[in-house]
Q: 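I have a structure here, written as structure tokens, and I will follow up with some questions on it.
Note that these values count all heavy atoms, side chains included, but never hydrogens, waters or copies made by symmetry. From a predicted model like this one, the values you see are computed outputs, not experimental measurements. In the text below, chain A, chain B and the rest are named by the order of the sequence lines, each starting its count at 1.
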Protein chains: 2
Amino acid sequence: MPIPIIFRMIVYNMSATTGTIHELESQRTMADKAYEQLKNAIIRGDLAQGSKITEEDLAAEFGFSRGPIREAIRRLEGMKLVVRVPHAGARVVTLSHQMMSDLYTVRESLEGMSARLAARSMSKEKIEELRALLDQHEQKIAEADGKNYFQSEGDFDFHYRVAQASNNEWLIQHLFGELYQLVRMCRYQTAKRPRRPVTALMEHRQILEAIARHDEELAELLMRRHISGAWEVIKPLLPREEKENHD
Amino acid sequence: MPIPIIFRMIVYNMSATTGTIHELESQRTMADKAYEQLKNAIIRGDLAQGSKITEEDLAAEFGFSRGPIREAIRRLEGMKLVVRVPHAGARVVTLSHQMMSDLYTVRESLEGMSARLAARSMSKEKIEELRALLDQHEQKIAEADGKNYFQSEGDFDFHYRVAQASNNEWLIQHLFGELYQLVRMCRYQTAKRPRRPVTALMEHRQILEAIARHDEELAELLMRRHISGAWEVIKPLLPREEKENHD
DNA sequence: TTAGTAATAATTGTCAACAATTTGCGGCTT
DNA sequence: AAGCCGCAAATTGTTGACAATTATTACTAA
């Protein structure tokens, strides 16, 4: 039988050896752990932007050898969270105005397509679930009026669900495998307080209604505006051009 | 000074040690070579789809150790040319109908944005250069009426130049770093003969004229149709659902 | 004969040492 | 005194051996 396509998957072990099904998370390799921890450290700013990363230091810190660390760094490089030059070493990426602008443009394009596809084929049940989710968001905003919880997780949920509804693995992969890590990093490191939860929620509702009406054009248009609006809010918080801060 | 952003770059060595500038390609590491060769082997079908890849075999074949091979495979995994399951091994990706359909959808979105940005800011000089390029293409089609040279390279040139004109590194990276490898692979392995050079050239001209008129909407629309048209041509050449052919 | 189980082979994951390359410092020449 | 050259330190690239895990095979029992 053919192998599951494209994306990395954890597989069940049905071999007769033990008769048990291994826990999905049990077989995480050391490189996985290092990758996960480093990713979080970078995103939340524990590792400063532009700071140098040496395999040896990290190996000492994590307690295991350079091999897994090496692999973790390569994976982070693929995720564009670190920059590497061949024999010279690796550094944490530096978020520049230009870079984030480009990224939001790409995101606008992909999220727009995501909304279009969702409008095309999202089931009534899923739409109803998403409506309920937005109601929860509204409640949370009302309750915890000062926390940034919503923006970090709630927003994620909405966009993620729309992408899932698009039923396009590539779209999901690109939006939430690569771009989103940098978006999160940017949010973490610009301002800690919530930005515009009420506006965002309203826009989410409009997008969802367009999807519910299967209006592809409108769903795409609204989603694009939603993203570019978010960019306009974040833009002024980023440094225009940096002079020094590596190391 | 800040580190060059996002993408991996080869850097000059200006150290006083030798006084020379090392050749850019000289310091290619073994993993680089292995990656390059494997990539080509996969794309042109020398390694069959779904065939198993073992680090040890490749190491023996290439003549060096498992380390670099391992890294090359991971990079190919990032490029979605191989699929890997944690402890079990890696296989060459299997091009499925679903996967390519999803990919062309993403490509439609990104190429559309690419054309839009090009229409927004492409310089008159660049536009004129691109016109000249299309004239060359026309000539080549007229001359070598049976070769697929045009479709492979000429098409690449046009799309690549448009993406460059967008001036968005992410766009270029996604379109030509990741997606395009699979598009190439798909072209190589479906049919060897040219598909629709004349139609494609005409559409390229229309897109370019929209760009020249700075008509963002039209440029995006035409590019989208161009991509989805290309998909309609390739679609029937792909197997709907495969039963067996791994190993 | 067939299902289940244990042993075995094959393959990936990890490690520590070695080689190649780059960077930084100090001495030498002019 | 200034600039170039060369050596030493640091860091990545590579290697081969070993450990952990998975897939396969042979065997036993119902």
Q: Expressed as a whole number of angstroms, how long is the span from R91(A):CZ to dT12(D):C1'?
A: 15 Å
Q: On the 0 to 90° scale, with breaks at 30° and 60°, tag the H174(A)-W170(A) ring pair as parallel, tilted or perpendicular.
A: parallel
Q: Heavy atoms under 4.0 Å, any strand shown: does G67(B) hit a base, just sugar-phosphate, or nothing?
A: base
Q: Can you check whether T29(A) has a side-chain N or O nearer than 4.0 Å to OP1 or OP2 of dT14(C)?
A: yes
Q: Could you state the CZ-P distance from R66(B) to dA10(C), rounded to the nearest angstrom?
A: 15 Å
Q: Got a salt bridge between R75(A) and D32(A), using NZ or NE/NH1/NH2 to carboxylate O under 4.0 Å?
A: yes
Q: For L58(A) and dT12(D), what is the distance between atoms CG and C1' respectively, to the nearest whole Å?
A: 13 Å
Q: Check the distance between dG13(D)'s P and I69(A)'s CD1 and give it to me in whole angstrom.
A: 15 Å
Q: Starting from P on dA10(C), measure out to CD on E56(B) and report it in whole angstrom.
A: 10 Å
Q: Starting the side chain at C-beta, find the nucleotide from dT14(C), dT11(C), dG16(D) nearest to T54(B).
A: dT11(C)
Q: What integer distance in Å separates E71(B):CD from dT14(D):C1'?
A: 11 Å
Q: Working to the nearest 0.5 Å, report the span between NZ of K52(B) and CZ of R91(B).
A: 6.0 Å
Q: To the nearest angstrom, how far is D57(A) atom CG from dA10(D) atom P?
A: 11 Å
Q: M30(A) side chain: which of dT14(C), dG13(C), dG13(D) is closest?
A: dT14(C)
Q: Can you find a side chain N or O atom of R70(A) that sits less than 4.0 Å from OP1 or OP2 on dG13(D)?
A: yes
Q: Kindly assign one of parallel, tilted or perpendicular to the pair H97(A) and W231(A), based on the angle between their ring planes and the thresholds 30° and 60°.
A: tilted
Q: Write down the distance between CZ (R74(B)) and P (dG13(D)), rounded to a whole number of angstrom.
A: 16 Å
Q: NA contact type, I53(B), heavy-atom cut-off 4.0 Å: base, sugar-phosphate, or nothing?
A: sugar-phosphate
Q: Would you mind checking if R74(B) and E71(B) are paired as a salt bridge, meaning a charged N to carboxylate O distance below 4.0 Å?
A: no
Q: Of all the choices, dT11(D), dT12(C), dT14(D), which nucleotide is nearest to the side chain of E55(B) once you look at every atom?
A: dT12(C)
